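Notes follow once the structure below has been shown.
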Amino acid sequence: MLPYFRKHLPDRNLWVIYRTMLVLSTAYGVALAVLPILLESRQMPHETVGELASWFAVGLVVGAAPSGWIIRKVSARATFAASILGYGAMIALLPFCHSYEALAVNRFVDGLFSMGAWVSAETLILWRSTRQNKALATSLSATFTMFGYLLGPVLSLMLSRLASWSFEPRLFLAGAIAAVASVMAATGLAADPDPEHRRRAHGQPGEGEGTVLLRPYPALAWRIRASCAATFCSGFFQSSAALFIPRFLMQEKNVPGELAGLVVAFAAAGMLMMANFAARAGDRFGHLLVMRTLAVIGVVGVLGFLPLTSFPVMAAVFVVAGGAISSIPPLSLALQGVISTPAEYPRSNAIFNVFFATGLV
């Protein structure tokens with residue numbers, strides 16, 4: 001399977017990004033598995049948990065436009081590495097945040113750095129991939145990312161059960177893992193591809209990037225509206241999977257906290273099984289058609305999840321529903337990469353992620 005991917009995605013920088021995203025998402029997975037437990041220890045009510053999620057999303061929204069501007073003025077590589085390092089610092093500082101105000105500031109700054117990492121990584125992937133394999137390139141990135149989301153909660157659970165680690169050292173570990181990912185990005189990636197490379201990859205051999213008239217933000221947002229709608233729904237689902245569904249399982253279904261925290265891992269496992277198949281289908285039959293099909297599967301699965309009482313059955317349903325919904329973002333990213341120009345990628349990715357952040361709110 002790996003030779004197939006390397007044949008269709010020969011740019012070594014793509015594989016550096018994938019490895020970096022694997023390590024970074026492992027840090028995210030550890031942190032997300034511990035976050036509900038930390039909030040329970042702070043005795044945070046449901047309303048406060050929602051507000052903290054909103055502060056994170058506000059950080060994403062506020063950081064979107066500056067991320068695109070920084071990428072154009074500095075570089076996507078530098079933005080990627082610096083944003084990952086900033087995220088790791090915020091996660092390592094979480095155990096010292098005891099008040100609501102401290103947690104809100106931490107979540108807000110976390111959102112700023114997370115947005116910078118996502119926009120820069122997506123921009124690099126779209127620049128480095130070709131027009132014919134964008135869904136394959138974005139889905140493989142999402143696969144590496146979801147594998148990290150799967151590995152992170154499992155690692156957190158093992159450290160809790162086998163080594164009796166409390167949530168504080170696990171958060172410190174997540175910060176250290178993110179720092180390693182930052183070093184990988186800074187030292188492993190080549191400089192951003194030049195405009196000629198970007199034009200060839202996008203199938204524009206005779207069009208100078210410097211002469212392309214960039215659309216205004218509203219016009220660009222309307223151009224990629226289908227991708228934006230899909231990522232909005234994905235953000236809504238991710239917020240629920242990370243924060244509210246584990247608390248729902250703990251308080252309404254009497255599931256132990258450490259098991260409830262594995263919900264993110266269930267969605268990641270489903271995505272690992274479905275994403276690459278969906279991507280190849282999207283490149284062949286149309287990204288939008290496959291996105292709609294996955295959305296129907298996900299909605300039916302989530303609704304069927306609610307009345308269940310057996311945790312193994314709920315886990316199986318969430319693997320399918322979560323996997324379907326989690327497989328939509330790489331397709332929607334590929335779709336907007338095809339219908340916008342390479343010169344617009346930093347701006348279109350920023351808009352794309354604003355809708356994701358709005359879904360989190």
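Note that these values count all heavy atoms, side chains included, but never hydrogens, waters or copies made by symmetry. Computed from a predicted structure; not experimentally measured. The first residue in the sequence is number 1, and the count goes up from there.
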Residues Thr231, Asn353; criterion side chain to side chain contact (heavy atoms under 4.5 Å, CB included); working and verdict | CA-CA 8 Å; Thr231 198; Asn353 281 287; 5.7 Å; no

Taking it one step at a time, do Phe277 and Ser139 satisfy side chain to side chain contact (heavy atoms under 4.5 Å, CB included)?
-> CA-CA 9 Å; Phe277 172 79; Ser139 71; over 6 Å; no

Run the numbers on Phe56 and Leu52 for side chain to side chain contact (heavy atoms under 4.5 Å, CB included), then give the verdict.
-> CA-CA 6 Å; Phe56 173 74; Leu52 290 174; over 6 Å; no

What do the steps show when you test Phe147 against Met271 for side chain to side chain contact (heavy atoms under 4.5 Å, CB included), and what is the final call?
-> CA-CA 9 Å; Phe147 189 79; Met271 199 251 185; over 6 Å; no

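A 4.5 Å side-chain heavy-atom check between Arg223 and Gln336 finds every atom pair outside the cut-off. When side chains are defined from C-beta on, Leu32 does not count as touching Pro153, because their heavy atoms never get closer than 4.5 Å. Side-chain contact between Thr20 and Ile84 is present, with heavy atoms from C-beta onward closer than 4.5 Å. Residues Ile125 and Lys134 are not in side-chain contact: their nearest non-hydrogen atoms beyond the backbone lie 4.5 Å or more apart. Between Ile325 and Val302 there is a side-chain heavy-atom pair separated by less than 4.5 Å. By the 4.5 Å heavy-atom criterion applied to side chains, Leu189 and Leu124 are counted as neighbours. Counting only heavy atoms from C-beta outward, the side chains of Leu331 and Thr138 never approach each other to under 4.5 Å. Contact of the Ser160 side chain with the Arg170 side chain is registered, since non-hydrogen atoms from C-beta on lie closer than 4.5 Å.
With no hydrogens or angles considered, no side-chain donor-acceptor pair links Ser129 and Asn133 at under 3.5 Å. Between Tyr28 and Ser114, the side chains place a donor N or O and an acceptor N or O closer than 3.5 Å (distance only, hydrogens not considered). Under the 3.5 Å distance criterion, with hydrogens and angles disregarded, no donor-acceptor pair is assigned to the side chains of Glu344 and Asn349. No hydrogens or angles considered: a donor-acceptor pair under 3.5 Å links the side chains of Tyr100 and Glu51.
Separation of atoms CG (Asp11) and CH2 (Trp15) is listed at 11.0 Å; rounding is to 0.5 Å. How far CD1 of Ile245 is from CZ of Phe248: 8.5 Å, rounded to the nearest 0.5 Å. Note: Trp55 CH2 to Glu101 CD = 10.0 Å, rounded to the nearest 0.5 Å. Interatomic distance, CH2 of Trp127 versus OG1 of Thr123, reported as 6.0 Å (0.5 Å rounding). To the nearest 0.5 angstrom, Trp165 atom CH2 is 10.0 Å from Ser156 atom OG. Separation of atoms CG (Leu9) and CG (Leu136) is listed at 4.5 Å; rounding is to 0.5 Å.
Other residues, nucleotides and ligands contribute only 12 or fewer heavy atoms inside 6.0 Å of the CE atom of Met158. Heavy atoms from other residues, nucleotides or ligands lying under 6.0 Å from CZ of Phe108 number more than 12. With a 6.0 Å radius and a threshold of 12 heavy atoms from other residues, nucleotides or ligands, Phe236 has its CZ atom at or below the threshold.
Between the side chain of Asp192 and the backbone N or O of Ala76, at least one donor-acceptor pair lies under 3.5 Å. Ser348 places a side-chain N or O within 3.5 Å of a backbone atom of Tyr345 that can act as its donor or acceptor partner. Put simply, the side chain of Ser234 gets close to the backbone of Ala230: a donor and an acceptor are under 3.5 Å apart. A donor-acceptor pair under 3.5 Å is absent between the side-chain atoms of Lys253 and the main chain of Ser310, judged by distance alone. A donor-acceptor contact shorter than 3.5 Å links the side chain of Thr293 to the backbone of Leu289. Distance alone, capped at 3.5 Å, is enough to place a donor-acceptor pair between the Ser67 side chain and the Gly63 backbone. Counting only distance, with no hydrogens or angles, the side chain of Ser75 and the backbone of Ala78 share a donor-acceptor pair below 3.5 Å.
Under a hydrophobic clustering in which Ile, Leu, Val, Met, Phe, Trp and Tyr are joined whenever their side-chain heavy atoms come within less than 4.5 Å, directly or via other members, Phe80 and Ile177 fall into different clusters. Residues Leu103 and Val34 share a single hydrophobic cluster, defined by chaining ILVMFWY side chains whose heavy atoms lie under 4.5 Å apart. Neither Val180 nor Leu22 shares a network with the other; the hydrophobic side chains, linked directly or stepwise wherever heavy atoms of I, L, V, M, F, W or Y lie under 4.5 Å apart, form separate groups for each. By the rule that hydrophobic residues join a cluster once side-chain heavy atoms approach within less than 4.5 Å of another member, Tyr149 and Met184 end up as members of separate clusters. In terms of hydrophobic clustering, with Ile, Leu, Val, Met, Phe, Trp and Tyr side chains grouped at heavy-atom distances under 4.5 Å, Leu159 and Leu150 are assigned to different clusters.
Between Ser166 and Pro169 the shortest heavy-atom distance is OG-CD, 3.1 Å. In this structure, Leu249 and Met314 approach most closely via the heavy-atom pair CD2-SD, 3.8 Å. When every heavy atom of Leu294 is checked against every heavy atom of Met274, the shortest pair comes out as CD2-CE, 4.0 Å. Nearest heavy-atom pair, Val62 versus Pro66, reported as atom, atom and distance to 0.1 Å: O-CD, 3.1 Å. Contact between Arg107 and Ile91 at its shortest, heavy atoms only, is NH2-CD1, 3.8 Å. Residue Leu85 comes nearest to Ser182 through the heavy atom pair CB-OG, 3.5 Å, listed as atom of the first residue, atom of the second, then distance.
Ion pairing between a basic and an acidic side chain is recognised when a charged N comes within 4.0 Å of a carboxylate O; Arg280 and Asp283 show no such pairing.
When ring centroids are compared, Phe144 and Tyr18 come within the 6.0 Å threshold. Note: Phe237 and Phe318 meet the aromatic proximity criterion, with ring centroids under 6.0 Å apart.
Here Arg77 pairs with nothing under the salt bridge (Lys or Arg N to Asp or Glu O under 4.0 Å) rule; sequence neighbours left out.
Both cation-pi conditions hold for Arg225 and Trp222: the charged atom is under 6.0 angstrom from the six-membered ring centre and inside a 45 degree cone around its axis.
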